[in-house]
Amino acid sequence: MKQTYAIIGLGRFGGALLETLVANGQDVLGIDINEEHVNDYRDIATQVVIADAQEDDVLRKLDIASFDHVIIAIGHNMQASILATINAKDLGAKNVIAKAENRTHLRVLTKIGADVVVQPEREMGERVARKLLAPNMLNFIELSDDYSMAEVQIVNPAFYGRSISNLNIRKKFGLNVIAVRHDGDVIVAPDSTYKLHEKDIVSVVGPKDMVDDFDQLTNNK
């Protein structure tokens with residue numbers, strides 16, 4: 001579904017977002033105080049403007065409240081990030097997603113009303129660390145402080161040929177199996193009689209600690 005996005009800050013993070021959204025057919029307005037950054041995306045974005053989002057009049061004239069999503073992607077200027085977030089929220093922006101540089105910045109952005117706060121560098125660092133510690137956990141998505149979703153590759157022979165019901169994954173781990181990838185095919189919501197094969201990729205969702213325990217067992221050769 002086509003939606004509208006306003007991205008404030010066209011550094012590496014904001015620029016990557018803009019390019020990806022446009023490549024997927026979305027309408028994107030890019031905003032940056034730096035003319036050089038704006039010029040980099042003139043031929044890519046739906047529209048780009050040189051503007052200071054710390055000025056509420058600027059965002060009012062751009063009708064920031066009309067966009068489905070407003071992304072505050074300002075880099076190291078914490079003051080500019082905070083003021084842009086406040087202005088967007090005060091002007092009635094529906095869904096404000098703000099980038100935080102650190103924990104303090106995250107807390108401030110949350111308190112002033114950002115709907116979603118992300119820490120790309122921290123999240124990428126955690127993903128890399130998790131990949132190093134659990135090489136067979138192919139993907140990991142944090143759903144909340146307590147729950148996560150992960151894709152786990154089966155490399156423990158003790159799991160080969162055993163059905164989901166026989167392994168009793170829900171009762172033992174409190175996890176729901178939502179999909180299995182086998183030989184390139186994806187089985188969504190597999191039947192409990194499905195028998196696991198070597199190198200099957202199982203998508204599970206549930207408590208974080210149980211996801212980690214399940215990963216450890218499936219990797220224990």
Side-chain angles (χ1 to χ4, degrees), residues 1-129 139-149:
M1 181 176 69
K2 196 167 189 176
Q3 294 191 303
T4 56
Y5 298 79
I7 299 178
I8 300 173
L10 299 177
R12 284 179 296 179
F13 176 66
L17 276 175
L18 185 150
E19 290 180 338
T20 303
L21 289 168
V22 171
N24 283 275
Q26 304 301 305
D27 287 330
V28 183
L29 165 67
I31 304 167
D32 200 291
I33 198 170
N34 186 312
E35 183 177 1
E36 189 175 324
H37 288 172
V38 169
N39 288 336
D40 286 341
Y41 297 99
R42 284 199 186 279
D43 298 329
I44 300 173
T46 309
Q47 180 186 1
V48 286
V49 296
I50 302 168
D52 186 354
Q54 296 178 82
E55 303 293 334
D56 58 357
D57 283 346
V58 168
L59 296 185
R60 184 179 289 107
K61 288 176 182 176
L62 291 170
D63 196 15
I64 206 73
S66 69
F67 288 83
D68 296 312
H69 309 277
V70 177
I71 302 162
I72 314 296
I74 295 172
H76 300 297
N77 190 335
M78 195 179 299
Q79 176 181 311
S81 166
I82 292 167
L83 287 174
T85 302
I86 291 171
N87 289 338
K89 290 302 293 184
D90 284 350
L91 291 168
K94 303 182 211 40
N95 184 35
V96 176
I97 302 162
K99 175 191 173 186
E101 293 294 309
N102 51 49
R103 290 180 183 273
T104 300
H105 193 191
L106 184 150
R107 287 199 298 270
V108 172
L109 290 170
T110 301
K111 285 185 178 180
I112 62 177
D115 298 286
V116 178
V117 181
V118 296
Q119 285 185 275
E121 290 85 358
R122 178 183 176 84
E123 290 166 11
M124 180 56 70
E126 289 176 349
R127 281 177 177 269
V128 172
N139 279 302
F140 178 88
I141 300 173
E142 188 174 278
L143 301 175
S144 70
D145 289 340
D146 300 315
Y147 289 86
S148 62
M149 181 169 65

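Quick note: residue numbers are just sequence positions, from 1. Side chains included, hydrogens not; waters and symmetry mates left out as well; all remaining heavy atoms used.
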Over all heavy atoms of both residues, which pair between [X] and [Y] is shortest? Give the atoms and the distance, please.
X	Y	answer
Glu101	Ile74	OE2-O, 4.3 Å
Val117	Ala100	CG1-CB, 3.7 Å
Ala73	Gly9	CB-O, 3.6 Å
Asp32	Val38	O-CG2, 3.6 Å
Ala45	Val22	CA-CG2, 4.1 Å
Ala53	Leu59	O-CD1, 3.8 Å

(request) Check side chain to side chain contact (heavy atoms under 4.5 Å, CB included) between Asn102 and all other residues, then give those that pass, not counting sequence neighbours. (result) Met78, Thr104, His105

(message) I'd like to know if Asp115 pairs up with Lys89 as an ion pair, taking the criterion as any Lys NZ or Arg NE/NH1/NH2 lying under 4.0 Å from an Asp or Glu carboxylate oxygen.
(response) yes

Is any side-chain heavy atom of [X] closer than 4.5 Å to a side-chain heavy atom of [Y]?
X	Y	result
Asn34	Leu10	no
Ile64	Ile31	yes
Glu19	Ile44	yes

In Å and rounded to the nearest 0.5 Å, what is the [atom1] to [atom2] distance from [X] to [Y]?
X	Y	atom1	atom2	result
Asn39	Ile50	CG	CD1	6.0 Å
Ile8	Ile97	CD1	CD1	11.5 Å
Arg12	Leu17	CZ	CG	13.5 Å
Gln54	Ile86	CD	CD1	10.5 Å

Is the side chain of [X] donor-acceptor paired with the backbone N or O of [Y] at a distance under 3.5 Å, no angle test?
X	Y	answer
Thr85	Ser81	yes
Gln26	Asn24	yes
Lys99	Ile72	no

(request) Sort and list the pairs that fulfil salt bridge (Lys or Arg N to Asp or Glu O under 4.0 Å) and have at least one residue in residues 49-78, not counting sequence neighbours. (result) Asp57-Arg60

(message) Counting only heavy atoms from other residues, nucleotides and ligands, does the tally under 6.0 Å from OH of Tyr147 exceed 12?
(response) no

(message) Suppose the criterion is ring pair (Phe, Tyr, Trp, His ring centres under 6.0 Å): which pairs have a residue in residues 17-71, not counting sequence neighbours?
(response) Tyr5-His69

